[in-house]
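Below, read A as the first sequence line, B as the second, and so on, with proteins coming before strands; counting in each chain starts at 1.
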Amino acid sequence: MELVIAITLGVLTSTGVYLILRARTFSVVLGLTLLSHGVNLFLFSMGRLTTASPAVIGLVEDYTDPLPQALVLTAIVISFSMTAFVVVLALKAAVELRSDHVDGEDPNEDRQ
Amino acid sequence: MNGSEMPLLLELVIIFFLVAGAIVALIGSIGLARLKDVYMRLHGPTKASTLGVGCILVASLLYFSFLKGGLSVQEALVTLFLFVTAPVSAHMMAKAALHRKLKCSPRTRTGPPDQ
Amino acid sequence: MDIGLLVFLPVVGATASLLSRLKQPGPDHVQNHALVALIAPAICLLLLLSYLPRIQSGEALVYSLSWVPGIGLDLAFRLDGLSWLFATLITGIGCLIIVYARYYFAGKDTAGRFFVLIQLFMTAMLGIVLSENLLFMLVFWELTSLVSFLLIGFTCSSRDARRGARMSLVITGGGGLALLGGILLLGQIVGSYQISDVLAATDTIVSDDRYPLTLSLILLGAFTKSAQAPFHLWLPHAMAAPTPVSAYLHSATMVKAGLFLMARLHPAMGDTELWFSLITITGMITLMVGAFVAMFMHDIKGLLAYSTISHLGLITLLIGMGSEMAMAAALFHLTTHALFKAPLFMMAGIVDQATGSRDMRNINGLWRTMPALMLITVIPAAAMAGLPLMSGYLSKKMLFSESLLVTAPHWANTLIPVWVTIAGLFSVAYSVRIFHNVFFNGKPVDLPHWPPRKKPVGMLVPLFILAAASLLVGLAPQATYNSLIHLAVMATSMTQLPLYDFSALSNARVPAMMSMIAMIGGIVFYLARGPLFAIHRQLPEVDAKNIFEQIMQQCIRFAQSLVYRLENGSLQRYLAFILVAAIAPALWLLGGYSGWQGPSELTEVNPIVVFGAVILCLSAIGVALFHHQRLPALLLLSVTGLFVTLAFAQFSAPDLALTQLSVEVMAVVIMMLALSFLPQTSPRESGAWRVVRDLTLAGLAGMGIALFAYAVLTRPAETISGYFLANSVSGGGGTNVVNVILVDFRGFDTLGEITVLGIAAVAVFAFTRDLHLKERVASAGTAKGFAEPHPVILQMVSRMALPIALLVSAYIFLRGHNMPGGGFIAGLVTAVALTLQYMAGGLLWAQERMLTHFRPLIGAGLLIATITGLGSWLVGYPFLTSAFSHMHWPLIGEFELATALLFDLGVYTTVVGATLLILANLGKLMTVAGPGQEVG
Amino acid sequence: MNHLMIMPIVIPLLTGAFLLVMYRYNIGRQRSLGIGSCLLLVMFGIWAVVQAGVTDYTLYHLGNWQPPFGIVLVLDRLSATMLLLTALLSLFCVLYASRGSDREGSHFHALMQFQLMGINGAFLTGDLFNLFVFFEVLLIASYALLLHGGGRARSRAGLHYVIINLAGSALFLLALGILYGLTGTLNMADLARVIADAPEADLPLLKAASLLLMVVFGIKAALLPLLFWLPRAYSAASAPVAALFAIMTKVGFYAMVRVFLVVFGLDEGAPANETALAWLWPTALITLALGGIGVLGAASLRTLTAYLVIVSVGILLATLSRNDEQLLAASLFYLLHSTIMTAVFFLLADLIGRYRDQGYDRFSVISPLSHRWVLGSIFLVAGVSMASLPPFSGFVSKAWILQSSSRLPDYLWLWAAILVSGLLIIAALSRAGSGWFWRPQERTHKSEPGLDRGRTATVCVMLAISFALAVFAQPVMDYLEAAARLVYQPSGYVDAVLGDYVHQGGEGIE
Amino acid sequence: MIATVIPFVIGVFCIAVLLNLYRLAIGPDIVDRILALDTLMINSIALIVLADIQMSLGILFEAALLIALMGFVGTVAMTKYLLRGDVIE
Amino acid sequence: MNRREFWLPRPLFSLFLALLWLLMVNSFSVAHILLGLALGVFIPFITRSFWPEQARVRYLLPLLRYFLILMIDIVRSNLIVARRILWYPDQLTPGFVTFPLELEDDFAITILASTISLTPGTVTAHYDSDAGTLLIHALHVTDEDELVRQIKAQYERPLKEIFQ
Ligand code: NA
Ligand code: NA
């Protein structure tokens with residue numbers, strides 16, 4: 001099981017990293033989202049993964065580690081804020097710079 | 001799981017809903033996969049899946065009502081919600097398909113009116 | 001303290017000058033300004049003279065006040081023979097320069113500035129020579145560079161002046177930095193920066209490993225300031241400064257600072273092979289270069305500048321020889337040089353102002369029109385040439401005789417005498433030339449002002465005084481030496497010395513012969529100048545300033561190209577750098593690591609989880625593969641998000657599942673909103689190499705994560721979480737431990753987290769406020785047909801869903817403390833329900849129906865959370881301490897009241913406000929007929 | 001428990017939130033609230049400095065939970081110094097901005113307050129995850145402030161800045177995950193304790209986490225090769241924002257000090273920070289060199305200042321990597337100097353740019369300049385201070401750094417880099433200054449605008465602080481030496497923070 | 001007995017999910033994909049509920065509700081986008 | 001608008017919400033009854049402006065009966081469609097049908113459209129408010145007029161009664 005989880009985390013991260021290295025803001029946003037999925041799951045799994053043991057007192061006998069969950073929750077919210085922000089910023093930049101290239105200029109058009 | 005103390009009849013009913021739900025939902029998804037044009041495919045999931053999941057929810061409702069004592073209507077709420085929203089989703093998707101002038105399958109009797 | 005007064009008096013004077021200038025601006029009050037400016041230097045001079053008796057008694061006055069003891073920087077002053085000699089020269093010549101400047105700047109607006117700066121400079125110079133603490137001295141050292149920079153650039157409209165100023169600042173400033181290094185090292189070696197301590201630690205210094213470096217750095221400072229080759233280049237270009245400045249800074253005083261430093265440190269650092277060779281060789285080269293170039297200069301000031309360089313080289317050479325007598329000769333010549341070079345510069349200034357030119361090829365035969373000037377100039381010119389009876393004659397003879405005394409190293413004992421004789425020859429030649437060319441040599445050619453303008457007689461007074469002093473020294477060398485210079489020489493060797501015997505000098509035959517050779521040779525050389533100049537013209541012309549400027553330009557261009565090549569504005573590259581920086585060190589560190597597999601046993605494979613994992617991976621890979629098709633990629637991303645949610649649900653994290661899900665949908669909606677203005681596809685523009693590189697980076701990053709995850713997951717967990725589980729109910733009043741952590745144990749994190757969300761929303765509001773997507777207007781229509789803006793059926797259902805959704809969020813909100821849920825998720829549910837209204841009914845429609853604006857909602861949420869936290873102060877507990885109690889009310893029964901709920905209300909409010917603010921403003925961007933300017 | 005300790009975080013939070021509630025406040029009220037808050041922060045900064053001088057560690061248990069379970073704030077001399085510096089800097093920035101730049105976009109003052117909250121939180125917190133949260137607060141606020149006023153350059157630079165920092169945040173979380181996974185705790189003191197006792201097999205993993213953290217903080221601090229976002233971002237920002245950003249790179253430095261010297265530095269025998277510090281040394285030196293080269297090649301004063309920031313980062317990190325108490329004290333002094341001076345230069349670039357007819361602060365443009373003498377004098381003084389010439393704070397700090405480093409191996413590299421970069425700064429500033437203030441100017445249009453006294457005075461006061469820092473250097477140095485001494489006693493930190501928890505062998509108290 | 005049936009039911013839903021993904025992958029039109037995603041969401045509600053029954057926890061109801069709500073909103077947003085080029089107008 | 005209409009715009013709906021609340025929290029304690037009622041009053045109050053303008057349900061019981069029939073229809077027709085999808089998907093003859101509306105109330109039309117969509121075999125693809133027609137896509141249709149007649153009889157008429 002550990003191996004499956006590790007590989008999944010690796011794939012999520014890899015795809016995220018590959019996409020943030022693309023040249024268009026939209027791909028980068030996609031990549032950041034995937035990356036944050038990978039990272040959040042990674043942080044989450046650092047509390048070790050258990051099934052059927054939510055940290056709700058009285059519901060079950062064994063509880064999973066609640067702390068990473070709280071951390072990931074914070075991380076999710078923060079990465080949501082950041083994603084929202086960066087999406088709007090990308091839009092603004094694309095409008096103002098007339099290109100959605102991450103550097104604000106289309107390498108195929110502008111540069112002679 | 002303390003389902004062992006459950007009355008057999010209830011258990012059978014629950015199982016019926018579970019299996020029925022699974023089959024209906026599967027049929028919906030098969031329809032999605034197999035049918036010829038987008039308008040036809042709309043029929044499968046928007047209703048069959050809704051109904052299938054509805055069955056599962058009813059099973060859950062029964063199960064937890066027994067498990068916790070008292071009526072667990074939360075599942076009913078989800079079902080209700082699904083049944084209210086599914087037609088709207090279908091409606092919107094059909095609109096989108098019409099707007100994009102997607103082709104109908106050749107067996108279609110009457111095509112969409114031009115707008 | 002009154003020694004310190006000496007240093008700071010000119011500052012007071014400078015301030016007074018500044019005030020007088022402000023009070024009487026304009027060109028008509030130069031006389032008054034000069035008078036004001038004269039006061040402080042004059043007092044200084046008088047004070048110095050009053051010290052003379054005590055100095056002559058061999059006393060070294062030291063005054064010290066602690067300033068920054070941590071780095072050994074003290075406000076410490078020292079007045080001994082050496083500093084007295086220099087200080088007197090500085091103040092004495094300074095006074096004369098001010099008198100001269102009163103005429104030089106007559107009728108000019110810039111006079112006031114000059115008087116301010118010249119006094120500041122005097123402070124700096126006095127500071128250098130009077131400092132007891134070497135670090136303290138450095139303060140003034142840099143100040144001289146700076147004031148010199150300002151004075152060279154005095155006539156800032158001239159491009160040459162600016163370039164010259166910059167060049168001098170860079171060279172002397174750079175030298176100052178080297179000196180800083182050297183002095184710091186010296187201080188480290190000695191353990192103190194006090195000169196007394198340094199001078200007492202000769203053996204420690206010389207035997208230290210760091211001695212060569214220390215000496216080199218200090219000498220670098222001294223050489224740059226004293227214009228030693230190859231750093232001499234700045235000095236000729238400093239001649240762009242007004243002539244009083246040239247006379248004062250660039251001949252008489254500042255350039256001597258390096259010599260002063262060498263003399264000062266000689267007892268501590270001299271007397272070594274290294275000292276000898278570094279200084280002597282530098283001095284020799286400078287001496288020759290200066291003398292040679294001076295001969296061919298046509299600019300009077302240029303000639304004088306190179307002659308100054310040559311003389312500075314000469315003095316350096318003497319200091320390098322290191323013997324007491326050589327030092328005596330050095331200081332003697334240093335004094336005489338100041339006395340004859342300053343008046344020559346003043347002469348140059350007068351000629352320049354009178355004729356409008358400084359070119360000796362044009363300026364001829366001035367003796368007719370300026371006889372008095374000619375007469376006065378005879379003396380310094382003769383002194384410079386080293387004619388008998390003149391002060392320069394004696395010092396040159398001293399040099400010759402000392403050069404003969406050099407015995408070791410063996411190359412020196414013949415080379416130096418020959419070398420100095422040749423240099424002497426050149427100096428005779430240029431001295432004759434400056435005098436003859438200016439005042440005789442036929443008729444003037446094309447001068448701007450002819451006949452020359454009359455200059456007031458008063459302008460000649462300082463020249464006269466200096467010339468007289470120079471003459472006096474030449475006539476009574478022994479007395480001058482005994483009373484003024486001998487003390488300085490003793491200070492440079494820290495021993496009692498016999499007096500220099502000038503009578504022995506006059507009897508020495510070889511030096512006299514060398515002197516004769518130089519003199520005759522020089523005159524012959526001058527006579528033969530025509531052909532020599534012709535030859536010189538054949539030589540390639542080099543302008544140091546241009547070279548310097550070119551070097552600077554090249555450096556800048558190099559810097560620019562390097563910076564441009566690295567910082568090329570490519571985000572992709574920067575991100576790749578970051579990834580490499582994250583991966584490479586880890587790879588290097590963990591390359592051979594074998595502990596990935598921890599001690600815990602592997603758990604059984606769950607097929608459902610594998611199924612989910614496979615779909616998660618496939619959808620993520622799908623996003624990467626199809627990212628060019630943006631909308632499909634977004635759909636695949638939703639699948640990824642959905643399965644992340646399912647993973648949270650599967651692994652006992654219901655709160656996370658709820659949060660992830662709501663956030664995911666909001667994020668996708670936001671991306672869709674943005675996508676409607678972005679291109680629908682991404683072009684394929686990465687080359688194959690780029691793709692391979694990125695895949696490698698991505699693969700390595702993913703592999704790293706996988707390995708780390710595997711390593712941790714296979715290790716037993718030992719965490720602090722037991723405490724949370726144990727105290728959640730008793731201490732936090734809730735059974736949902738995750739929620740209790742969020743609102744209580746780590747409520748501070750949550751406060752920060754909602755602040756982030758709030759700021760993000762406000763930021764979106766702020767920077768989209770004035771953004772207009774004009775191009776949309778064309779494509780927007782009120783198309784009916786299938787694509788009507790607000791489908792009735794959607795609208796109906798959405799509106800009905802709103803109250804139910806609000807009820808659900810109330811439910812999720814209230815139960816959050818004990819079961820999965822909480823303010824954040826409730827807030828998102830509310831926000832989603834309201835977003836649906838925007839989508840179904842339109843921005844305008846929904847906005848009209850919102851009860852409040854969103855920004856105050858965000859603010860209110862933050863305030864609620866913060867004030868709840870502050871509430872605990874009232875009962876004496878720290879910020880964010882929670883309180884809860886189970887209440888029993890009649891009829892109602894038992895229920896729980898917790899401050900955590902109030903805190904969560906803050907969270908809820910912020911989330912609703914922030915999410916809607918973002919969405920509404922994004923929506924506004926897309927809306928052709930949006931409501932006014934502000935939404936939210 | 002002293003509640004004043006939370007004020008540096010709560011005051012700006014309340015002010016910012018209140019400004020949002022009162023979103024219709026006119027600019028005048030916004031300004032007075034913003035300035036008032038900054039004044040309060042200065043007062044609390046002074047209180048913090050005094051308090052930390054009296055008590056080595058002042059703790060604040062948020063929520064009244066015992067560390068390591070709850071989040072704890074730790075006030076020591078180092079954090080107090082940073083708080084006061086931030087407060088002063090922000091006061092000047094807000095004052096400067098209140099002369100008009102705050103009108104260029106919406107909610108400047110609220111965002112500024114949130115920014116301060118984030119920075120102060122990062123300085124105070126004793127919890128690594130909480131540090132992450134405050135990093136995000138300060139980052140999101142800085143994104144917003146960077147974009148304040150709008151325009152193409154800001155959008156482009158902002159996009160890069162944001163995306164790079166998002167990648168950095170992901171790395172931060174990864175490192176936190178590894179640390180939590182291996183140690184099971186988040187409190188810095190507790191982490192230090194556990195890491196010092198970590199099993200041999202885990203050590204490489206922990207070190208790898210420290211390297212990841214180095215990258216994270218390196219992005220914030222602008223360490224090579226993570227710094228390329230900085231020049232454009234800083235030179236695109238509006239002047240008061242860029243000036244405030246002068247402290248941002250220092251947050252990265254501060255985090256490195258805390259994390260590498262305390263969290264990874266407790267075990268005296270084989271500290272886990274060795275690897276990170278070993279990597280830091282050469283990269284910091286190259287950063288410093290690149291900064292110097294950039295200073296020389298800069299095309300505008302703001303870009304030049306941005307590279308000055310990089311130079312200062314290089315010096316700070318190079319000194320940090322030498323792992324020496326005395327040197328750390330010296331570099332803290334340099335931190336004060338460089339923060340103030342880079343801020344001065346960002347403001348000055350704006351001030352001058354406003355009075356130039358064209359070209360704003362670009363060197364290549366020759367343009368008439370009003371108030372040449374006043375601005376020139378200020379520029380001269382500022383340049384002298386920036387070039388670390390006496391008698392300003394830079395001289396003292398550089399002398400101290402050079403002195404303290406000379407006891408350590410390989411000091412000559414540092415010396416060479418510092419001295420040569422100093423020379424490059426002199427060359428660049430003299431070029432800039434002589435070009436602007438000495439070039440002949442012909443003013444074509446009628447009247448020149450009056451000199452803005454508020455803006456000018458702000459800059460002058462900041463310069464006066466630089467001067468005062470030199471004149472009264474000794475007490476400051478004593479304070480910083482004590483601060484550095486505390487940093488180099490991580491066990492004292494751990495004992496102070498964890499208290500009884502340590503003695504009970506890390507068992508939870510109920 | 002329920003315990004033995006549940007894995008089978010889950011398996012059926014997994015097949016359904018695979019069919020949805022198949023449609024999501026092949027399209028051909030974006031509307032098909034949206035439809036597939038919508039169905040996938042609905043099926044995952046079932047998966048969640050089934051997991052809840054399997055673990056007999058009864059705490060995943062909100063997740064089911066939220067998927068229903070969010071799936072709907074997501075679908076509306078996407079179709080709105082296809083219809084109008086705008087989500088909010 | 002009188003005071004009751006202002007403060008309590010929809011008493012029936014408020015009660016419904018209160019009931020829903022009690023079912024959701026699964027507790028009938030006094031505290032929750034009070035809370036449910038409070039929410040039942042509060043939520044309609046703050047969302048009143050979002051509420052559909054005209055819709056007024058005249059008869060509650062027929063509406064409930066309508067939904068019951070609908071439930072059965074859904075199950076029944078689901079089976080039919082399942083058979084078609086599974087066994088002879090290639091022989092389906094889909095088609096679009098235009099349904100002329102008699103209903104005028106938007107809310108009622110929405111219910112009708114949803115009903116049509118929920119009963120398998122038909123999906124409401126578009127509502128043309130100008131023409132007063134619904135465009136229906138049927139999965140398998142042999143006689144369009146028959147389909148229209150069926151829907152009118154089965155659903156539109158009851159709805160008309162309920163809402164008018
Ligand atoms: Na001549
Ligand atoms: Na909660």
- prompt: Name the one of D:L186, D:T125, D:I71 that satisfies side chain to side chain contact (heavy atoms under 4.5 Å, CB included) with C:D749?
  reply: D:I71

Side chain / backbone / both / neither for C:A717 at chain D, heavy atoms under 4.5 Å: neither

- request: Considering only heavy atoms and a distance below 4.5 Å, find which of C:G732, C:G747, C:P69 pairs most often with chain D.
  value: C:P69

message: Checking D:R154 against C:F767 for the side-chain contact (heavy atoms from CB on, under 4.5 Å) test, could you report, in this order, the C-alpha distance in whole Å, the side-chain angles of both residues, the deciding distance, and whether it holds?
response: CA-CA 11 Å; D:R154 280 178 195 150; C:F767 73 67; over 6 Å; no

message: Using every non-hydrogen atom in the two residues, find where D:P204 and C:L589 come nearest and quote the distance to one decimal.
response: O-CD2, 3.5 Å

message: Would you say that D:L14 contacts C:I867 through its side chain, given a criterion of any heavy-atom pair below 4.5 Å between the two side chains?
response: yes

- prompt: Any side-chain heavy atom of D:L73 within less than 4.5 Å of one from C:F748?
  reply: yes

- prompt: Between D:V21, D:I9, D:V216, which shows the greatest number of heavy-atom pairs under 4.5 Å with chain C?
  reply: D:V21

- request: Flag the pair C:L566 / D:L224 as yes when at least one side-chain heavy-atom distance between them is below 4.5 Å, and no otherwise.
  value: no

Within the 6.0 Å centroid threshold, strictly below: C:F149 and D:W438: yes

field: Among D:F437, D:F114, D:F472, D:W229, residue most engaged with chain C (heavy-atom pairs, under 4.5 Å)
entry: D:F114

- prompt: Is chain D contacted by the side chain of C:A760, its backbone, both, or neither, given a heavy-atom distance below 4.5 Å?
  reply: both

Derivation of the side-chain contact (heavy atoms from CB on, under 4.5 Å) call for C:Q188 and D:R407: CA-CA 9 Å; C:Q188 294 290 306; D:R407 293 176 292 106; 4.3 Å; yes

message: Among D:L147, D:L412, D:V215, D:L296, which residue has the highest count of heavy-atom pairs closer than 4.5 Å to chain C?
response: D:L296

- request: Measure across C:L575 and D:A167 and return the closest heavy-atom pair with its distance rounded to 0.1 Å.
  value: CD2-CB, 4.0 Å

field: Sidechain-backbone polar pair: C:Y593 side chain, D:A201 backbone, donor-acceptor under 3.5 Å
entry: yes

task: Name the member of C:V764, C:L863, C:L73, C:V712 that forms the most heavy-atom pairs with chain D at distances under 4.5 Å.
output: C:L863

Top contributor to chain C interface from D:L212, D:T283, D:I163, D:L145 [non-hydrogen pairs under 4.5 Å]: D:I163

Non-hydrogen atoms of C:G752 and D:V137 that approach each other most closely: O-CG2, 3.5 Å

task: Mind running side-chain contact (heavy atoms from CB on, under 4.5 Å) on D:R372 and C:C156 for me, showing each step along the way?
output: CA-CA 12 Å; D:R372 200 153 65 110; C:C156 47; 4.1 Å; yes

field: CD (C:E718) with more than 12 external heavy atoms under 6.0 Å
entry: no

query: Ring centroid separation for D:Y23 and C:F854, is it under 6.0 angstrom?
result: no

task: Name the member of C:L150, C:L579, C:L143, C:L713 that forms the most heavy-atom pairs with chain D at distances under 4.5 Å.
output: C:L150

Heavy-atom pairs under 4.5 Å with chain D, option from C:L880, C:V563, C:I556 with the top count: C:I556

- request: Could you tell me whether the side chain of C:L571 reaches within less than 4.5 Å of the side chain of D:L159, counting heavy atoms only?
  value: no

- prompt: What pair of heavy atoms forms the shortest contact from C:V68 to D:A470, and how long is it?
  reply: CG2-O, 4.1 Å

- request: Against chain D, label C:M552 side chain, backbone, both or neither, depending on which of its atoms sit under 4.5 Å from a heavy atom there.
  value: side chain

- prompt: Going from CZ on C:F765 to NE2 on D:H107, what distance comes out if it is rounded to the nearest 0.5 angstrom?
  reply: 4.5 Å

query: Should D:F395 and C:L180 count as side-chain neighbours, where that means a heavy-atom distance under 4.5 Å?
result: yes

message: When you compare the side chain of C:L177 with that of D:I426, does any pair of heavy atoms fall below 4.5 Å?
response: yes

- line: Correct closest heavy-atom pair for D:I293 and C:A559 would be O-CB, 3.2 Å

query: If you count heavy-atom pairs under 4.5 Å between each of C:G176, C:A766, C:A586 and chain D, which one has the most?
result: C:A766

message: Nearest 0.5 angstrom please: D:L174 CG to C:I705 CD1, how far?
response: 4.0 Å

message: Return the OH to CZ distance between D:Y60 and C:F879, rounded to the nearest 0.5 Å.
response: 7.5 Å

- line: Heaviest contributor of heavy-atom pairs below 4.5 Å to chain C, chosen from D:G121, D:A473, D:S434, is D:S434

field: Residues, nucleotides or ligands: over 12 heavy atoms within 6.0 Å of C:R159 CZ
entry: no

query: Checking D:Q474 side chain against C:G70 main chain: does a donor-acceptor pair fall under 3.5 Å?
result: yes

field: Trace of the side-chain contact (heavy atoms from CB on, under 4.5 Å) decision for C:I578 with D:L171
entry: CA-CA 10 Å; C:I578 289 175; D:L171 284 177; 4.2 Å; yes

field: Residue, of C:L751, C:V139, C:L135, C:L862, that accumulates the most heavy atom pairs under 4.5 Å with chain D
entry: C:V139

Straight-line distance of D:W65 CH2 to C:F724 CZ, nearest 0.5 Å: 9.0 Å

- line: Here the pair of heavy atoms bringing C:I720 nearest to D:P68 is CD1-O, 3.6 Å

- line: Rounding to 0.5 Å, atoms CG (D:L205) and CH2 (C:W596) come to a distance of 5.5 Å

message: With chain C as the partner, which of D:D127, D:V194, D:T183 has the greatest number of non-hydrogen pairs under 4.5 Å?
response: D:D127

Interatomic distance, C:H853 atom NE2 to D:R24 atom CZ [nearest 0.5 angstrom]: 5.0 Å

field: Donor-acceptor contact present, side-chain C:R715 to main-chain D:G181, <3.5 Å
entry: no

message: Counting only heavy atoms not in C:F577 (residues, nucleotides, ligands), do more than 12 fall under 6.0 Å from its CZ?
response: yes

query: Any side-chain heavy atom of D:W415 sitting closer than 4.5 Å to one from C:L184?
result: yes

message: Can you confirm whether D:T275 sits close enough to C:W588 that some side-chain heavy atom of one is under 4.5 Å from a side-chain heavy atom of the other?
response: yes

